[in-house]
Amino acid sequence: MAPQLIGCRLVRLFNGERLAGFITETEAYQGEEDLACHARVGLTTRTEPMYGPPGHAYIYFTYGMHWLLNAVTDGEGVPAAVLIRGILPTEGLEKMEELRPTLAQKKGWLDGPAKLTQALALDGKLNRADLCSPDSGLFIEAGISVPAEVLKVKPRVGIKTVPEPWRSLPWRWQIDPKVLQKLTKELLPASDL
DNA sequence: CGGCCGATTATCT
DNA sequence: GATAATCGGCCGG
């Protein structure tokens with residue numbers, strides 16, 4: 001699911017306005033045996049959404065200040081999720097700039113998991129939102145087709161203390177930076193992204 | 001560009 | 001009481 005979500009459109013309805021962007025980077029976290037996955041400690045209050053039905057959001061708080069968005073990707077009772085690590089903004093830029101003023105409209109604006117949750121006004125209130133229903137206020141639509149050959153696959157980041165083989169598994173997908181730059185110019189010719 | 005560091009608090013041991 | 005699926009600022013190359 002992680003590579004398949006690349007290119008899909010992530011949409012947030014905020015005060016009646018559409019804030020959206022194409023997903024550009026993802027990471028996979030799968031199962032209690034994956035020592036980088038929160039579910040390594042089993043079913044807890046925090047990990048419960050990952051054990052729930054697929055297609056829902058798993059949004060958690062970390063480092064004392066950041067909210068991170070995941071899509072639950074496996075059946076009930078099977079903990080698995082895809083971390084959304086970056087988007088290419090396409091709708092509601094003005095509002096997103098207001099929500100995330102730092103470095104707004106500059107290079108690297110929304111290329112981090114906590115950056116995009118700021119721009120989309122996401123926090124624990126959206127935890128477990130149905131990502132397949134517009135009624136939830138947070139959902140994923142069809143987007144652009146991104147050929148597999150322009151995807152880069154690398155180890156997941158931010159898990160330096162996790163033992164092997166989990167630390168080095170190639171479970172991070174991103175649009176090739178060169179292709180992303182070209183895409184950005186096509187979609188947002190006037191911006192400085 | 002890469003590496004180090006401090007911020008700040010929910011969650012789990 | 002320790003840790004963390006990060007970020008931004010500051011440093012050096």
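Remember, it's a predicted structure, so these values are computed and weren't measured experimentally. Here is the naming used below: chain letters follow the sequence lines, and residue numbers restart at 1 for every chain.
To the nearest angstrom, P of B:dC12 lies 12 Å from CD of A:Glu48. Note: CG (A:Leu116) to P (C:dT6) measures 12 Å, nearest angstrom. Taking atom NE2 of A:His66 as the reference point, atom C1' of C:dA4 lies 11 Å away to the nearest angstrom. Taking atom CE of residue A:Met65 and atom P of nucleotide C:dA5, one finds them 14 Å apart after rounding to whole Å. Rounding to whole angstrom units, CD1 of residue A:Ile59 and P of B:dT11 are separated by 14 Å. As a whole-Å value, the separation of A:Gln118 CD from C:dG8 P is 7 Å. In this structure, the CG atom of A:Asn127 is 15 Å from the P atom of B:dA10, given to the nearest Å. Rounded to an integer number of Å, the gap from A:Leu99 CG to C:dC7 C1' is 17 Å.
Using a 4.0 Å heavy-atom cutoff across all strands shown, A:Leu68 reaches sugar-phosphate atoms only and no base atom. Among the atoms of the strands shown, only primed sugar atoms or phosphate atoms (P, OP1, OP2) are found under 4.0 Å from some heavy atom of A:Arg46. Residue A:Phe61 is in sugar-phosphate contact alone, with no base atom involved, counting any heavy-atom pair closer than 4.0 Å across all strands shown. Among the protein residues, A:Ala36 comes within range of the nucleic acid bases, having at least one heavy atom under 4.0 Å from a base atom.
The side chain of A:Arg85 places an N or O atom within less than 4.0 Å of a non-bridging phosphate oxygen (OP1 or OP2) of C:dT6. Applying the 4.0 Å criterion to OP1 and OP2 of C:dA4, one finds that A:Lys160 has every side-chain N and O outside that range. The side chain of A:Thr62 places no N or O atom within less than 4.0 Å of a non-bridging phosphate oxygen (OP1 or OP2) of C:dT6. Under 4.0 angstrom from either OP1 or OP2 of C:dA4 there lies at least one side-chain N or O belonging to A:Thr161. Distances shorter than 4.0 Å separate some side-chain N or O of A:His38 from OP1 or OP2 on C:dA5.
Here A:Tyr60 does not lie in a stacked arrangement on the base of C:dA5, lacking the combination of planes under 30° and ring centres under 5.5 Å apart.
By the 4.0 Å N-to-carboxylate-O rule, A:Glu27 lies too far from A:Lys154 to be salt-bridged with it.
Figure legend: cation-pi geometry between A:Arg156 and A:Tyr29, with NZ or CZ positioned under 6.0 Å from the six-membered ring centre and within 45° of its axis.
By the 30° and 60° cut-offs, the orientation of the rings of A:Tyr60 relative to A:His38 is perpendicular.
A:Ser133 and A:Ser136 form no side-chain donor-acceptor contact under 3.5 Å, judged by distance and modelled atom types alone.
A distance of 7.5 Å separates CG in A:Leu110 from CG in A:Leu120, rounded to the nearest 0.5 Å.
Under the Watson-Crick and G-U wobble criteria, each requiring two contacts below 3.5 Å, nucleotide B:dT8 is left unpaired.
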